[in-house]
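Bear in mind that the values here come from a model prediction, so they are computed numbers and not experimental data.
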Amino acid sequence: MSGTDLESLLRELAPQVLGAVVRRYGNFDIAEDAVQEAMLAAATQWPSEGAPDNPKGWLITVAARRLTDLLRSEQARRRREDTVARWELPTRQPEPAKSPADSDDTLILLFMCCHPALSPSSQLALTLRAVGGLTTAEVARAFLVAEGTMTRRITRAKQQIKHSGIPFRLPASEERAERLATVLHVLYLIFTEGYAATAGPRLHRIELSTEAIRLTRMVHKALPDDGEVAGLLALMLLTDARTAARTTAAGELVPLAEQDRSLWNSDDIAEGVALITSALPRGTVGPYQLQAAIAAIHDEAQSTQQTDWPQIKALYELLLQTSDNPMVALNHAVAVAMADGPAAGLERVQTLAKEKQLTEDHRLYAVRAHLLEMTGDTPGAREAYLAAARRATNLPQQRYLNRQAARLDDADNELSESQHHIWC
Amino acid sequence: MKYMILTYASQHDYDGMAGQGTDQPAWSPEEFAAMGAFMEAFNTELVEAGELVETRALAAPVHTRRLGAQHGVAFVTDGPYAETQEVLAGYWIVECDSFDRATEIAGRLAACPAPEQVTANAYADVRPIMESAAEITY
């Protein structure tokens, strides 16, 4: 078994093993450490000694044994300190038990890790470690923080879960939809964190977007009939398909209109299109499905000019009904410009600029710059590109925006050199 | 008539069986295998005689939750036992003709192979099971 095969096997088994151990013995916080140790033992022993016939059984046995050790030292410490670990039973009656499938355990773990009692950063970190099977060091590296910081964040999150008394079972059906929405949001955040880092020199952190896709696939496998799960998976695939074209070899950002579409991953596009095509007619169309439908139109078009902008505009209008996200409104403005002309788009941007949330966002200025350029207002466009660059926090984005401003500068200089004496 | 045969072990006894030496030596692989073979034969014989209702072993004492109340306040405690405290480790429910027959069955457990420090002070209990609600109400 190659190192990559072993790693993907272990990562796939991680939530199943943790689920089995927590279902049996409780103690999520300690069980999570025990499973990590079992995974590390497998990673060191299996390559030399060979993988056991039943890898999952092996991992569960080793993790359960380790859990017992960890629990005992915890209990012995408590007895020395003469403290008792007492807690209260949740008052709600459990739902009738049914025999769980592995996929249910993965879902339950996701519901635990994305519990609303946890902060979003804790939800992300814990999901990657407990469900994704990443080590704390790997999670820390993915978020560009020190390992000690991540250890504290994960420990705190596990204590919060312990103290909140969240039982190991699927949430009651009446709250399941709401909780699933949180899970999907966390997966989406992991994906976008990987796709466009909010700070730091590299635009792509491929590991995180790949990991988000892998985890969303698991959820889709567990809930194949859920349209929003399918929509989110499709959205991720259709966005990730453009990764190779999205930056130059030097790491510079390439906007959609200028991307070499032959670099797009046609397998991902085909899978994403198939997913969204079968999900859309099935029932209520939620925001992830709408975004995936928009991404599919982009991915299937030969060029920006040949893109079905009226259709995209209509989809953004539907999306605006489900969300007051200012970014959706901004993207809608771009679609309006492409479908109805830059003046109509600028009018929308002008209205959005009055909304407080957006006044400091570089994307508003970048869109305005682009639309001003379309109308032929070169100085205005250059000014807006520079304003956008000042507000962007991501270096590749800043470099892209400054490059656009410089391009207009050159065009402007050619024009103004002859007029120079008039103004000075 | 139904009877329950109960056996006991401490967390340290469980450690020994799991191959960890604490205050007593760990079981060797041969010792462990011999116990397994004995139990399998013992249970098969009970099944064939039509006397076994159910038998189970319990997970280590460390995995215990105790529920109770103190001054009227309900609580749950994780791991309530001391390491050396002997607690229920496994049971058989047998259905047989008499208390004496159930006792005879339990007595055969004394032949179960195990390290000497375990057999030296081993014991089991046999208790009659109430057959119906009529036996516990007036």
Less than 4.0 angstrom from a charged side-chain N to a carboxylate O is my criterion; do [X] and [Y] meet it?
| X | Y | answer |
| --- | --- | --- |
| B/Arg108 | B/Glu45 | yes |
| B/Asp78 | B/Arg66 | no |
| A/Glu211 | A/Arg214 | yes |

Side chains of A/Asp53 and A/Trp58, donor plus acceptor under 3.5 Å:
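There is no such pair between these side chains.
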Any side-chain donor near an acceptor of the partner, A/Arg129 and A/Thr136, under 3.5 Å:
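There is such a pair between these side chains.
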Proximal to chain A - members of residues 6-13 of chain B, heavy-atom separation under 4.5 Å:
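At a heavy-atom separation under 4.5 Å, chain A is reached by B/Gln11, B/His12.
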Give a yes or no answer on whether the side chain of B/Thr44 reaches the backbone of B/Glu40 with a donor-acceptor pair at less than 3.5 Å.
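It does hold such a pair.
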Has the side chain of A/Glu138 got a donor or acceptor atom that lies under 3.5 Å from a matching backbone atom of A/Thr135?
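Yes; judged by distance alone, with no hydrogens or angles, the pair exists.
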With chain B as the partner chain, list the residues of residues 63-73 of chain A whose heavy atoms fall under 4.5 Å from it, by residue number, and write 'none' if nothing qualifies.
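Result: A/Leu67, A/Thr68, A/Asp69, A/Leu71, A/Arg72.
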Using the test side chain to side chain donor-acceptor pair (under 3.5 Å), find all partners of B/Tyr3 that sit at least two apart in sequence or belong to another chain.
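Not a single residue meets the side chain to side chain donor-acceptor pair (under 3.5 Å) criterion with B/Tyr3.
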Does B/Tyr91 have any ring pair (Phe, Tyr, Trp, His ring centres under 6.0 Å) partners at least two apart in sequence or in another chain, and if so, which?
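Expected list: none.
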